[in-house]
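All remarks here apply to the structure that follows.
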Amino acid sequence: MTPAENTGVPVSMAAPIGVFDSGVGGLSVLRAIRQELPDEHLVYVADSANAPYGNRPIDFIEARSMAMVEFLIGRGAKAIVVACNTATVVAVARLRSQFRIPIVAMEPAIKPAVGLTRSRVIGVLATHQTLASDSVHRLCILYGGKVRILLQPCPGWVECVEGGDLLGVETRRIVQSALAPLMKAGADTLVLGCTHYAFLREAITDIVGPGVTLVDSAPAVARELARRISGHRRTSDPLSPACEQFYSTAPLDEATALLSRLWGKQVVVRPVDGGLDCD
Ligand code: DGL
């Protein structure tokens, strides 16, 4: 169903796509979206003041996710991408029942990983909430027939990325300790089941070596988004090139430095004022 059919109100093709995450991890999804959809305006909101979501109670994650989507719709979003696996497993059903624009969400890339493994052992790296979810359980039953699927929580990984420490000694120690049991079990394929972990690729590869494949679902999510908005794509306009806008709940100087670094160019980060508190 197209957005216009869905809502009953005309949707402007020039309206932006709204993307949110518990923090900066969703930039890995934003990058895939920018590659897939070069002409769309994108609005990103990082809830870094409340990251990580992974160990938070379900009610909290749901309330934050609702607030994020309301914020993005307030900025005119014609579609939403939940660029957070944890928010997806906890809140996407409620979001889809409350908001009538297309909502595209994450799914850990277990199916592709099962297709790629030669050792028949794969590891799924994700937060506690994601690994405990019905959707991961369902994927394991669907695709785990002939492959051993090891679910590996990664405590501290999100904090390393939010703190901007992607390759330091402490980050390498934290990454190594989660990967050790997977390497011992012979995993040759690792699913990045949290959008923050894409920023730890180099640290992971340094530890597991180039023979282990890392699988990220961001490109598939971007393709699904393109399909969902196909009737409402913005066309290229040389007078008004596609742009990205960034918002954060974190202190702006910190947020600007980190978002600029991870996005790969200097960006302006705006505060999220009002309307986002859920306490
Ligand atoms: N990027 C989020 C995810 O994909 C991180 C979760 C968290 O904040 O704990 O799950």
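Positions are given from 1 along the sequence.
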Quiz item: Going by atom types only, do D216 and Y197 share a side-chain donor-acceptor pair under 3.5 Å?
Solution: no
Quiz item: With E224, which residues qualify under side chain to side chain donor-acceptor pair (under 3.5 Å), at least two apart?
Solution: R227
Exercise. Please report the shortest heavy-atom distance between S177 and P181, naming the atom on each side.
Key: O-CD, 3.5 Å
Practice problem: Specify the closest pair of heavy atoms between V24 and A46, including all atoms of both residues, with the distance to one decimal. | Solution: N-CB, 4.4 Å
Quiz item: Closest approach of G164 and R261, non-hydrogen atoms and distance?
Solution: O-NH1, 2.7 Å
Quiz prompt | No-hydrogen, no-angle side-chain donor-acceptor test under 3.5 Å, E162 and H196 | solution = yes
Quiz item: Tell me, do E159 and P52 make a side-chain contact under 4.5 Å, heavy atoms counted?
Solution: yes
Self-check item: Any side-chain heavy-atom pair of D188 and M183 under 4.5 Å
Solution: no
Self-check item: Among L182, T189, L150, the one residue meeting side chain to side chain contact (heavy atoms under 4.5 Å, CB included) with V121
Solution: L150
Please tabulate, for the side chains in residues 122-131, all donor-acceptor contacts under 3.5 angstrom to protein atoms that are two or more places apart in sequence or on a different chain.
unit_1, atom_1, unit_2, atom_2, d
T127, OG1, T86, OG1, 2.9
T127, OG1, T130, N, 3.3
T127, OG1, T130, OG1, 3.1
Q129, NE2, R56, O, 2.8
T130, OG1, T86, OG1, 3.3

Exercise. Treating Ile, Leu, Val, Met, Phe, Trp and Tyr as nodes and any side-chain heavy-atom pair under 4.5 angstrom as an edge, say whether F199 and M106 lie in one connected cluster.
Key: yes
Exercise. Determine the sole option in I80, L72, V69 for which the side chain to side chain contact (heavy atoms under 4.5 Å, CB included) test with F99 is passed.
Key: V69
Quiz item: Got L166 and L262 here, is their nearest side-chain heavy-atom distance under 4.5 Å?
Solution: yes
Quiz prompt | Ring centres under 6.0 angstrom apart (F246, W263) | solution = yes
Practice problem: Measure centre to centre between the rings of Y247 and F71, then say whether the value is under 6.0 Å. | Solution: yes
Quiz item: Can you list the residues that meet the side chain to side chain donor-acceptor pair (under 3.5 Å) rule with N55, with sequence neighbours excluded?
Solution: none
Quiz item: Quick one: are L151 and V136 in side-chain contact, heavy atoms under 4.5 Å?
Solution: yes
Self-check item: Donor-acceptor side-chain pairing of S22 and D47 below 3.5 angstrom
Solution: no
